[in-house]
Protein chains: 2
Amino acid sequence: MTSVKDVAQLAGVSLMTVSRALSNPEKLSPETYQRVRRAIDELQFVPSMSARKIRGDNLQSRTIGVFALDTATTPFAVELLLSIEQTAQQAGWNVFILNLLSNSPTDQNIDLMLSHRPDGLIFSAMGLRQVCIPERLKSKPLVLANCLADDSHLASYVPDDEMGQYRAVHHALSQGYRRPLSINLPKQSLAWGLRQKGMQRACQAFGLAPDSLLKYDLSDHDAYGETAAILDRHIIDGRPQFDILICGNDRIAFCAYQLLLGRGLKIPDDVAVLGYDNMIGIAELFIPPLTTVQLPYHEIGRRAARHLIEALDVSGAQPVDCPLVARTSL
Amino acid sequence: MTSVKDVAQLAGVSLMTVSRALSNPEKLSPETYQRVRRAIDELQFVPSMSARKIRGDNLQSRTIGVFALDTATTPFAVELLLSIEQTAQQAGWNVFILNLLSNSPTDQNIDLMLSHRPDGLIFSAMGLRQVCIPERLKSKPLVLANCLADDSHLASYVPDDEMGQYRAVHHALSQGYRRPLSINLPKQSLAWGLRQKGMQRACQAFGLAPDSLLKYDLSDHDAYGETAAILDRHIIDGRPQFDILICGNDRIAFCAYQLLLGRGLKIPDDVAVLGYDNMIGIAELFIPPLTTVQLPYHEIGRRAARHLIEALDVSGAQPVDCPLVARTSL
DNA sequence: CTGTTAGCGCGTTCAC
DNA sequence: GTGAACGCGCTAACAG
């Protein structure tokens, strides 16, 4: 590759003049600058990141290191990574993403990450998981995106599931629905309690007795097959005992749609359906399109990145609003 | 960060001894090596990528640069990126991924990429798109993954859609289905012709007249709404004129399932459904689970990466097999 | 077996 | 307004 040296030679100036042309053009005489500029353009010179980083010249070459968990299994979350990348780029920061296959980074993963000398670290996971941060990493600025850790005072940007669920159920009840059936995420998932609380708070606001609610949880992360049995238990003689189905995520809603439609029920006339996640490129394809709650991946990524860039001094879980996406399934 | 210098000091040796301890331990006396090792462990020293790259010390620090298009809109394709990353890691290469929002990289994108001094470039896109490669990039080894370019002699690893569709339809017809209705991708998509050809070849093998086939195309990339009208045109008095629905992708199948079920039809008894893509985390949730053709993202990523790592001398489109994923929708 | 020197590409510091 | 020298972290080549 071409380096400052080549440019300097072509322009007939010293290395420093080229360097200045890149960072402090105003310190050069206009004509010298032009000459250097032309040489730069002709050689298509781009300064080397590595050389800049090596000097600790941190103004031009800071980088955010991202440990990404679950990207393979929950691909919708690329949005989080994209958002981090965009935010970083705007601030002139670089991003190095390392996808993790296991739950917690291996020593090899950590070495690779540290070899890039990141100025800050983001730990991201899907499904709001509890992750384990190795000691070696705690010396660097570190934020969590869409996950939590044992060390609860670490800054963590997470979806405000309580509020998201509250708002959505409140919206549903205000439409007149009164007999909800809820199929929540597995109990061990971090979101479970928040969703539960949000739903109950909304129900109370409408005077629904908490113990009158039909509530179920999936037994495991991918036990979507259980949806059928739950629904059938509450569809008697083809008539559902519930007027709205509150799903722990859009996947459950997808299963439910097929089951309900297959049993001759109309959505939302016979049964309304509420999702959670707003799976990109999927939620719109439901017929009718799914009303759901959006997981704010973009905003989470943006805030996690800004946290590092601006060296914010916040700690603990930072709830990020989950907007309701009102379509026509209720 | 700690550097060789710190390690050398702590171990009471010279810089070179540390360096050797890292790359050629056998050249050191066992005791010296142990002493250095202990210092390395104690300081948790990891050599800096940047410093290695800067030297052109290419054996320890080669990197693949990836321009990723469409990652945001077709998130399932993360698999391709993961596969590149894994393959690279196994060979000791690094990966720098740059997500593109526009169709072709901006000058700024290119500068950023080149500033990382990649030793090879991968261009990846979703939906088998035709991409445009800027001149500035053609000086480096370059492969296309899941896309094609004007310059048709560029090595491009792409799904073998013709064979994939042929095998799937052949499988369907061998099950006894005889009246297919096909809803293909939009005509302008590169895969359209291949899928068409594969389907017709399979039909011919079973003696089905090509013009007896019920064939439709979506008018645009996201015109999934058209599925309903197409199906209704061929469901007369609640009875479908087709016994198998061949969908251009799983999303079309997703819509079709809801429409068919909503009209009281059983899958696969009344109508069988065949998808294409095998959307991760979704195709399994169809009820019944969707038989579909797998887009070989993993293999494409692996081969594209190996192409650069091994400096393969192939050119032109390299079809990668699309295996049939037989579930129970037919 | 171990240390010294030199240089990769860049920018800061200090001369001119 | 411009340039020479130095150092960032690392290793190949050469000395000892």
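Computed from heavy atoms alone, side chains included, the values below leave out hydrogens, waters and symmetry copies. Note on naming: letters A, B, ... go to the chains in the order of the sequence lines (proteins, then strands), and numbering restarts at 1 for each one. Everything numeric here is computed off the predicted structure, so don't read it as measured data.
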What's the [atom1]-[atom2] distance between [X] and [N], to the nearest Å?
{"X": "B:Met49", "N": "D:dT11", "atom1": "CE", "atom2": "P", "answer": "11 Å"}
{"X": "B:Lys5", "N": "C:dG3", "atom1": "NZ", "atom2": "P", "answer": "16 Å"}
{"X": "A:Met16", "N": "C:dC10", "atom1": "CE", "atom2": "C1'", "answer": "9 Å"}
{"X": "B:Arg52", "N": "D:dG9", "atom1": "CZ", "atom2": "C1'", "answer": "10 Å"}
{"X": "A:Lys53", "N": "C:dC8", "atom1": "NZ", "atom2": "P", "answer": "22 Å"}
{"X": "A:Leu22", "N": "C:dT12", "atom1": "CG", "atom2": "P", "answer": "11 Å"}
{"X": "A:Leu15", "N": "C:dT13", "atom1": "CG", "atom2": "C1'", "answer": "15 Å"}
{"X": "A:Asn24", "N": "C:dT13", "atom1": "CG", "atom2": "P", "answer": "12 Å"}

With respect to the side chain of [X], which nucleotide from [options] is positioned closest?
{"X": "B:Ile54", "options": "C:dC8, D:dG1, C:dG3", "answer": "C:dC8"}
{"X": "A:Ala51", "options": "D:dT11, C:dG9, C:dG11", "answer": "C:dG9"}
{"X": "A:Ser19", "options": "C:dT4, C:dG11, D:dG9", "answer": "C:dG11"}
{"X": "B:Ser3", "options": "D:dT11, C:dC8, D:dG9", "answer": "D:dG9"}

Classify the ring geometry between B:Phe67 and B:Phe123 as parallel (under 30°), tilted (30 to 60°) or perpendicular (over 60°).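 Ring orientation, 0 to 90° scale: tilted.
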Name the residue closer to the 5' end of DNA chain C, choosing between B:Arg117 and B:Lys27 according to the nucleotide with the nearest heavy atom.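 Result: B:Lys27.
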May I ask you to verify whether the side chain of B:Arg20 and the base of C:dG3 hold a donor-acceptor pair under 3.5 Å?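 Yes, a donor-acceptor pair under 3.5 Å.
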Side-chain N,O ([X]) to OP1/OP2 ([N]) below 4.0 Å:
{"X": "A:Arg55", "N": "D:dC10", "answer": "no"}
{"X": "A:Thr17", "N": "D:dG3", "answer": "yes"}
{"X": "A:Thr32", "N": "D:dT2", "answer": "yes"}
{"X": "B:Ser48", "N": "D:dC8", "answer": "no"}

Would you say B:Asp6's side chain and B:Ser3's backbone share a donor-acceptor pair under 3.5 angstrom?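 Such a contact is found between B:Asp6 side chain and B:Ser3 backbone.
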Report which part of the nucleic acid [X] touches: base, sugar-phosphate, or nothing (heavy-atom distance under 4.0 Å, all strands).
{"X": "A:Phe45", "answer": "sugar-phosphate"}
{"X": "B:Val13", "answer": "sugar-phosphate"}
{"X": "A:Leu28", "answer": "sugar-phosphate"}

Return the minimal non-hydrogen interatomic distance between B:Ala51 and B:Arg55, and the atom names on each side.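 Nearest heavy atoms, B:Ala51 then B:Arg55: O-CG, 3.3 Å.
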Identify the two heavy atoms, one from A:Gly12 and one from A:Arg35, that lie closest to each other, and give their separation to 0.1 Å.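 Closest heavy-atom pair between A:Gly12 and A:Arg35: O-NH1, 4.1 Å.
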Gap between atom NZ of A:Lys5 and atom CZ of A:Phe45 - 0.5 Å precision: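 Taking CZ in A:Phe45 and NZ in A:Lys5, the distance rounds to 12.0 Å.
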Separation of B:Met113 CE from B:Ile97 CD1 (nearest 0.5 Å):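 Reported to 0.5 Å precision, the distance equals 9.0 Å.
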